[in-house]
Number of protein chains: 2
Amino acid sequence: MTTMSDRYQPPLSPTRPTMRHVAALAGVGIKTVSRVINDEAGVSEATRQKVLDAIAQLNYQLDVTAGSLRRAGRRTLSVGLLLPSVSNPFSGEIHRALEDALGARGIAVFAASLDDDPKREQAIIAAFLGRRVDGLVLTPIAKNQAYMIPEHSRNLPMVFIDREPVGVEADAVVTDNAVGAGKAASHLLRHGHTKLAYLGDRTDIQTARERRRGFLEEVGGAGIPTSALPVIDDLHDEEAARRAALELLNSEDPPTAIFSSQNLVTFGTMRAMKELGVHKRVALVGFDDFTLADMMDPGITVIAQHPERIGVKSAERLLARIDGDEQAPRTYIVPSELIQRGSGEIRPPA
Amino acid sequence: MTTMSDRYQPPLSPTRPTMRHVAALAGVGIKTVSRVINDEAGVSEATRQKVLDAIAQLNYQLDVTAGSLRRAGRRTLSVGLLLPSVSNPFSGEIHRALEDALGARGIAVFAASLDDDPKREQAIIAAFLGRRVDGLVLTPIAKNQAYMIPEHSRNLPMVFIDREPVGVEADAVVTDNAVGAGKAASHLLRHGHTKLAYLGDRTDIQTARERRRGFLEEVGGAGIPTSALPVIDDLHDEEAARRAALELLNSEDPPTAIFSSQNLVTFGTMRAMKELGVHKRVALVGFDDFTLADMMDPGITVIAQHPERIGVKSAERLLARIDGDEQAPRTYIVPSELIQRGSGEIRPPA
DNA sequence: GACTTTCTTGACAACGATGTCTGATCGTTA
DNA sequence: TAACGATCAGACATCGTTGTCAAGAAAGTC
């Protein structure tokens with residue numbers, strides 16, 4: 001009886017086996033090996049088995065990149081993903097959803113972090129294009145993506161996420177930033193607040209501008225003059241936000257409700273409120289959900305985005321483009337959602 | 001005067017330009033173009049300029065993968081990274097540190113999520129190898145990595161992170177899990193606790209077993225019998241942990257201090273404690289730091305890992321191996337750190 | 001001015017795979 | 001039995017690049 005363990009194991013060569021080796025061992029031509037691997041028709045079952053045995057014996061693995069050189073359409077079965085930072089949870093969720101959708105098609109994902117640096121954006125895109133990715137999914141930070149026009153006109157599939165492109169036309173998948181921020185505003189107004197404040201991110205980021213616009217329009221639309229409403233922009237980290245919130249809350253006529261336009265700004269604001277002991281008296285609604293928001297005291301009311309849906313949708317669009325969809329580019333909107341947890345339902349002092 | 005805007009723009013061909021096109025436009029041979037691009041010696045300055053102009057005019061971009069076919073050493077300038085999940089913050093930090101270190105060398109990173117699925121581990125590794133990555137950095141989940149022996153003996157650079165490999169010898173970068181868990185135990189003992197409990201992750205994960213061992217050894221070493229100590233394993237998500245903690249805290253003789261071996265377990269435990277209103281009476285130390293741990297009430301004392309250091313170290317090892325380092329494989333240990341925030345300093349009731 | 005030496009340069013094969021095309025083998029049919 | 005189509009298989013060129021090598025031009029040497 002022959003068992004697995006006494007089957008002949010070929011010595012492992014230091015160089016990786018190629019189709020030529022497999023073909024030689026199986027006693028067939030390399031094209032036949034190629035046919036077997038790619039499940040092409042026209043190989044007898046007996047030959048197929050010989051080839052499969054040789055593949056197993058040599059531990060052969062197809063070189064996808066070499067194949068892509070000749071293959072029709074030149075598919076490399078890899079795509080590039082550019083995120084603000086792979087260490088940011090929001091980006092991580094998008095990445096994960098995208099990976100799952102593309103992985104099902106055998107597509108691997110290159111991921112990279114932009115760090116809000118336009119130069120880095122261009123460098124990473126160049127690096128990915130140099131590896132001939134089949135498509136790009138990206139959160140643009142540069143003011144303008146006109147430098148991508150050459151690729152665009154070569155029909156490179158591209159999907160922009162979170163922010164819309166400027167200077168090229170392409171599909172985009174974004175949260176309804178203005179609407180979401182408007183929801184936050186109307187929620188606070190409905191709870192009786194008239195003294196609101198806005199704490200926002202860098203204004204060179206499109207989403208930040210949208211959130212600000214949505215918030216202020218909703219407040220203005222309710223008849224509250226926005227000229228006197230404190231609007232503090234360019235808060236990009238927790239500490240800056242904390243200091244701004246402290247100053248705001250210590251001012252002569254402090255707001256009774258604050259809207260923070262982004263996670264880190266929300267964290268900084270929470271810290272400032274707790275330091276001053278007003279976290280149960282001043283209302284807070286933050287844009288972006290976060291882990292343990294419900295475990296805070298009070299729970300933090302947020303406008304939640306749906307990164308996984310953004311990821312799924314962008315994968316869907318990218319695959320459609322890769323498969324030859326020639327529709328005019330569109331922007332897809334993923335709705336945000338208000339989640340009440342306490343901090344946004346605090347009423348102003350009577 | 002000639003400005004940028006009236007310079008001749010060639011029509012964008014639908015097909016990507018190759019070296020041949022550049023060579024033709026510059027009036028040189030393709031090898032000369034290759035030399036210019038790779039900064040090889042032996043090209044006169046005048047020729048160099050002609051080539052660079054042609055490259056700019058055609059918007060030419062080198063095909064790295066085609067080059068790797070012929071290049072000595074076959075470097076593809078890409079590596080594969082396998083993480084528990086790219087959406088997990090701990091993984092994200094590692095990814096980021098790695099990306100930065102490798103990006104500086106022009107190496108792009110394929111990232112993928114394992115989801116604790118051994119089959120997926122093998123499939124992803126196969127996918128990456130099929131793209132001829134120059135190396136792998138991975139958190140193994142399969143019980144055994146013997147299936148990688150062929151690659152290993154082909155000298156594929158590999159670095160294991162967070163968990164050590166079984167069945168192959170390779171560099172590993174891990175947290176001092178047992179020591180860290182021991183620190184948690186001695187911290188709780190020092191604060192007067194004798195009735196401790198351990199809530200742990202799946203025992204098929206090496207790190208979970210290490211943490212458990214370190215915790216119990218420290219407790220036992222202090223003369224407290226561990227046989228009666230509640231040890232609940234296989235808690236892999238927040239809800240399971242919450243239920244286990246509830247049961248534990250509702251038992252006849254509840255512990256006065258709990259050690260949770262992982263983030264999600266810590267979250268579930270925090271929830272259970274808050275539900276029962278004992279979060280200020282029962283001590284808690286969790287393994288793994290997390291955002292806003294200091295904002296909880298009380299702040300959560302943790303054994304913090306240093307994912308960014310793990311990422312940096314593993315990048316360093318991977319590059320060393322890629323550069324030909326033939327040292328015997330080693331395990332590098334990144335120390336954990338106890339961070340006191342309140343929950344771990346609660347004393348038992350008198 | 002003849003001969004080296006050095007510097008530039010391009011022709012060509014090769015990397016590992018796939019597309020095209022042609023040839024061999026087989027069973028079937030008139 | 002000859003002709004035919006279907007099936008199976010391999011030879012060969014090719015994808016975009018780099019390594020090898022040899023040739024031609026320029027510069028230096030006596």
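In the text below, chain A, chain B and the rest are named by the order of the sequence lines, each starting its count at 1.
Remark: the A:Ser68 side chain and the A:Thr65 side chain contain no N/O donor-acceptor pair separated by less than 3.5 Å.
Residue B:Arg132 places its side chain closer to C:dA17 than to any other of C:dT18, D:dC15, C:dA17. When distances are taken from the side chain of B:Glu40 to each of D:dG19, C:dT18, C:dG16, the shortest belongs to D:dG19. For B:Thr47, taking side-chain heavy atoms from C-beta onward, the closest of the listed nucleotides C:dT9, C:dG16, D:dA9 is C:dT9. Closest to the A:Arg71 side chain, of the nucleotides C:dG19, C:dA11, D:dG16, is C:dG19.
Proximity of A:Thr32 to the phosphate of D:dG10: a side-chain N or O atom is located under 4.0 Å from OP1 or OP2. A close approach under 4.0 Å does occur between a side-chain nitrogen or oxygen of B:Ser34 and OP1 or OP2 of D:dT18.
Contact check on B:Asp323 versus B:Arg317 returns no salt bridge, with no Lys/Arg side-chain nitrogen under 4.0 Å from an Asp/Glu carboxylate oxygen. Comment: A:Arg330 does not engage A:Asp171 in a salt bridge, judged by the lack of any side-chain N to carboxylate O separation of less than 4.0 angstrom. A salt bridge between A:Glu99 and A:Arg105 is absent, with no side-chain N of the basic residue lying under 4.0 Å from a carboxylate O of the acidic one. Of the charged side-chain nitrogens involved, at least one lies within less than 4.0 Å of a carboxylate oxygen, so that A:Arg154 and A:Glu151 count as a salt-bridged pair.
In this entry the distance linking CG of A:Leu69 with P of C:dA14 reads 17 Å, nearest Å. Here the P atom of nucleotide C:dA17 and the NZ atom of A:Lys31 are 12 Å apart, to the nearest Å. Atom P of nucleotide D:dC15 and atom CZ of B:Arg16 are separated by 16 Å, given to the nearest angstrom. Put simply, CD on A:Glu45 is 16 Å from P on D:dT7, counting in whole angstrom units. Atoms CD (B:Gln61) and C1' (D:dG16) sit 14 Å apart, rounded to a whole Å. A:Asp39 has its CG atom 12 Å from the P atom of C:dT18, to the nearest Å. Between the C1' atom of D:dC15 and the CD1 atom of B:Ile30 lies a distance of 12 Å, rounded to the nearest Å. We find that CG of A:Asp63 is positioned 14 Å from C1' of D:dT17, with the value rounded to whole Å.
Between A:Ser44 and B:Arg20, it is A:Ser44 whose nearest contact on DNA chain D lies nearer the 5' terminus. Checking A:Thr18 against B:Ala41, the closest nucleotide of DNA chain C that is more toward the 5' end is the one next to B:Ala41. Comparing A:Tyr60 and B:Gly27 against DNA chain C, the residue whose closest nucleotide sits nearer the 5' end is B:Gly27. Ranked by how close their nearest DNA chain D nucleotide is to the 5' end, A:Arg74 and B:Ile37 are led by A:Arg74.
Backbone-only engagement by B:Val28 is indicated by non-hydrogen atom pairs under 4.0 Å involving sugar-phosphate atoms exclusively. At the heavy-atom level, B:Leu62 lies under 4.0 Å from the strands shown only through sugar-phosphate atoms.
At a cut-off of 3.5 angstrom, the base of D:dT14 holds at least one donor-acceptor pair with the side chain of A:Arg70.
Evaluated for a side-chain contact (heavy atoms from CB on, under 4.5 Å) with A:Ile161, the options A:Leu82, A:Leu98, A:Leu138, A:Thr139 yield exactly one hit, A:Thr139. For the side-chain contact (heavy atoms from CB on, under 4.5 Å) with A:Pro157, the lone residue among A:Val137, A:Leu319, A:Leu318 that qualifies is A:Leu318.
Between the side chain of B:Ser113 and the backbone N or O of B:Asp115 there is no donor-acceptor pair closer than 3.5 Å.
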Please write out the pairs of protein N or O atoms and N or O atoms of nucleotides 21-25 of chain D separated by less than 3.5 Å, giving the distance to one decimal.
none

